[in-house]
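For ligands, and for the atoms within them, numbers begin at 1 and follow the listed sequence. Bear in mind the structure is a predicted one, so any value in this text is a computation, not a measurement.
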Amino acid sequence: QNGIFGIGKSRARRFNHETDIKIKFSDVAGMDEAKVEIMEFVSFLKQPERFQKLGAKIPRGAILSGPPGTGKTLLAKATAGESGVPFFSVSGSEFVEMFVGVGPSRVRDLFANGRKNAPCIIFIDEIDAIGKSRSKQNFGGGNDERESTLNQILTEMDGFNTSDQVVVLAGTNRPDVLDKALMRPGRFDRHISIDRPTMEGRKQIFAVHLKKIVTDENMEYLTGRLAALTPGFAGADIANCVNEAALVAARENADRVVMKHFEQAIERVIGGLEKKSVVLTPEEKRTVAYHEAGHAICGWYFRWADPLLKVSIIPRGQGALGYAQYLPASGDTYLLNVNQLMDRMAMTLGGRVSEELHFETVTSGASDDFNKVTRMATAMVTKFGMSPKLGHIYYEEDPQQMLHKPFSESTARDIDSEVRRIVNEAYKQCRDLLTEKKKEIGLVAEELLSKEVLGREDLIRLLGPRPWPDSDEFAK
Ligand code: ADP
Ligand code: ALA
Ligand code: ZN
């Protein structure tokens, strides 16, 4: 790898250039959805005529987003390997420390080489280092060098002809900060997101990497066991763990790698990971599963709450333990009636209530839920005129704005007590339901523990169809 001193000496070595890549999709385990999406590029690179003769505008590029080590680079390389085309790559972070004017000229070179060697794939890793949204940059003006590098990338993307068989892929773990200009049609207009692997995904990734080492354990048993022991691991952590286990075994002079070596390796990898991101202990995982199952059961049985689309207990870094997506029960709602508000609040309390019903103690994990519930109840009382005691008055939250008269001490007390009354009511509604559906919570939580991700079909399978019509059935 040549550093900045190599610049100007050897044009060819300013970026990585690999031909004859042996990596195939079979080396990329899990992430089936991402593979399906990226297949479109493989077809294009292998059979461009199929697209051109129909006049189809072929996709130019895709952003691959996901946490570090989840296989973005690997997938990009496998795409080149499957298509049998060369792979040019560069990392966005390398541009950051460069001399003025070097960034744009390096981008020009990279793309010129791509065109010359087409069909091919260009991969720009860590594109957020260059492509951070201009509005999200620090005060005091942006970084001119970065901005001109970004502009050069956009110019190059726009300059392709439909006949140029160059696919540009970019990796990032911060898709949220990217400049929207990158995502315009004809640029990186595909977005492929790659999550940390599920239990099943980890099993498959272990299977890929275990082929490289000598072990005579039963593969089915071994991969299942290892996957269960490594929630939160990304593909890179798994590769690391397998290699580490082989090192441990070698140190002992063993002639094959066995379970105890893997166990030591896992501990070591977790030790390194804990500093970086969340890895849940088994007890925490259980708590998160029952917490999320509580929300999901509420969404299923409260008519005006939102039924579940997908729930996951794979940690996503930055403190988010579980995560769930819900289908808004009433479509895109602009107006919420009292029933809807109450059902939503009750559902939001479902996480904590489920913890209460299943464990001896409760955790700090519901704090964000309480924040939401409190804000909803406060809005009902102070903005929506839904508390008989406070009446139809809009109470300004921020007294400094002075849009309306600030309220008296006694009104403040009334607001507090009304908010409390409403939240308690939602709590009771939730607790009544979940007490009755305790068995169902268990079903969902245990399934979540074993599969880590559940979708709507899983809920239908476990609970039967939702007893209420869904949004599409009463959409206007
Ligand atoms: P990223 O680009 O997302 O940071 P990489 O593609 O560099 O991650 O992954 C690093 C290594 O981890 C890969 O070279 C591979 O050994 C391993 N790895 C990651 N994901 C997978 C996967 N899905 N299947 C097999 N190996 C994987
Ligand atoms: N705050 C999210 C939830 O409780 C994780 O579902
Ligand atoms: Zn919650």
Just jot down the side chain to side chain donor-acceptor pair (under 3.5 Å) partners of E283, sequence neighbours excluded, or say none.
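Side chain to side chain donor-acceptor pair (under 3.5 Å) list for E283, sorted by chain: empty.
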
By side chain to side chain donor-acceptor pair (under 3.5 Å) - contacts of E33 (at least two apart):
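Once residues adjacent in sequence are excluded, E33 has no partner under the side chain to side chain donor-acceptor pair (under 3.5 Å) criterion.
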
Would you mind listing each N/O atom of ligand 1 next to any protein N/O under 3.5 Å, plus the distance?
residue: ligand 1; atom: 2 (O); partner: T73; partner atom: N; Å: 2.9
residue: ligand 1; atom: 2 (O); partner: T73; partner atom: OG1; Å: 2.6
residue: ligand 1; atom: 3 (O); partner: T70; partner atom: N; Å: 3.3
residue: ligand 1; atom: 3 (O); partner: G71; partner atom: N; Å: 3.0
residue: ligand 1; atom: 3 (O); partner: K72; partner atom: N; Å: 2.8
residue: ligand 1; atom: 3 (O); partner: K72; partner atom: NZ; Å: 2.8
residue: ligand 1; atom: 4 (O); partner: G69; partner atom: N; Å: 2.8
residue: ligand 1; atom: 6 (O); partner: T73; partner atom: N; Å: 3.2
residue: ligand 1; atom: 6 (O); partner: L74; partner atom: N; Å: 2.9
residue: ligand 1; atom: 8 (O); partner: G71; partner atom: N; Å: 3.1
residue: ligand 1; atom: 12 (O); partner: A236; partner atom: N; Å: 3.3
residue: ligand 1; atom: 23 (N); partner: A29; partner atom: O; Å: 2.8
residue: ligand 1; atom: 24 (N); partner: A29; partner atom: N; Å: 3.0
residue: ligand 1; atom: 26 (N); partner: H209; partner atom: NE2; Å: 2.8

Taking the six-membered ring for Trp, are F160 and F111 parallel (under 30°), tilted (30 to 60°) or perpendicular (over 60°)?
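Answer is tilted, since the angle falls between 30° and 60°.
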
Could you check whether the rings of H17 and F88 sit parallel, tilted or perpendicular, using 30° and 60° as the cut-offs?
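Taking F88 first and then H17, their aromatic rings lie parallel (interplane angle under 30°).
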
Would you name the N/O/S atom of H291 that lies closest to the Zn ion (ligand 3)?
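Result: NE2.
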
Could you tell me whether K428 and D432 make a salt bridge, using a distance below 4.0 angstrom between a side-chain N and a carboxylate O?
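Yes.
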
Hey, are R115 and E156 close enough for a salt bridge, meaning a charged N less than 4.0 Å from a carboxylate O?
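Yes, charged N to carboxylate O under 4.0 Å.
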
Kindly confirm whether the Zn ion (ligand 3) is within less than 2.8 Å of some N/O/S atom in D369?
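Yes.
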
I need the full list of salt bridge (charged side-chain N to carboxylate O under 4.0 Å, His left out) pairs touching residues 68-83, with sequence neighbours left out, sorted by first then second residue.
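Checked against salt bridge (charged side-chain N to carboxylate O under 4.0 Å, His left out) - neighbours excluded - the pairs reaching residues 68-83 are E18-K77.
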
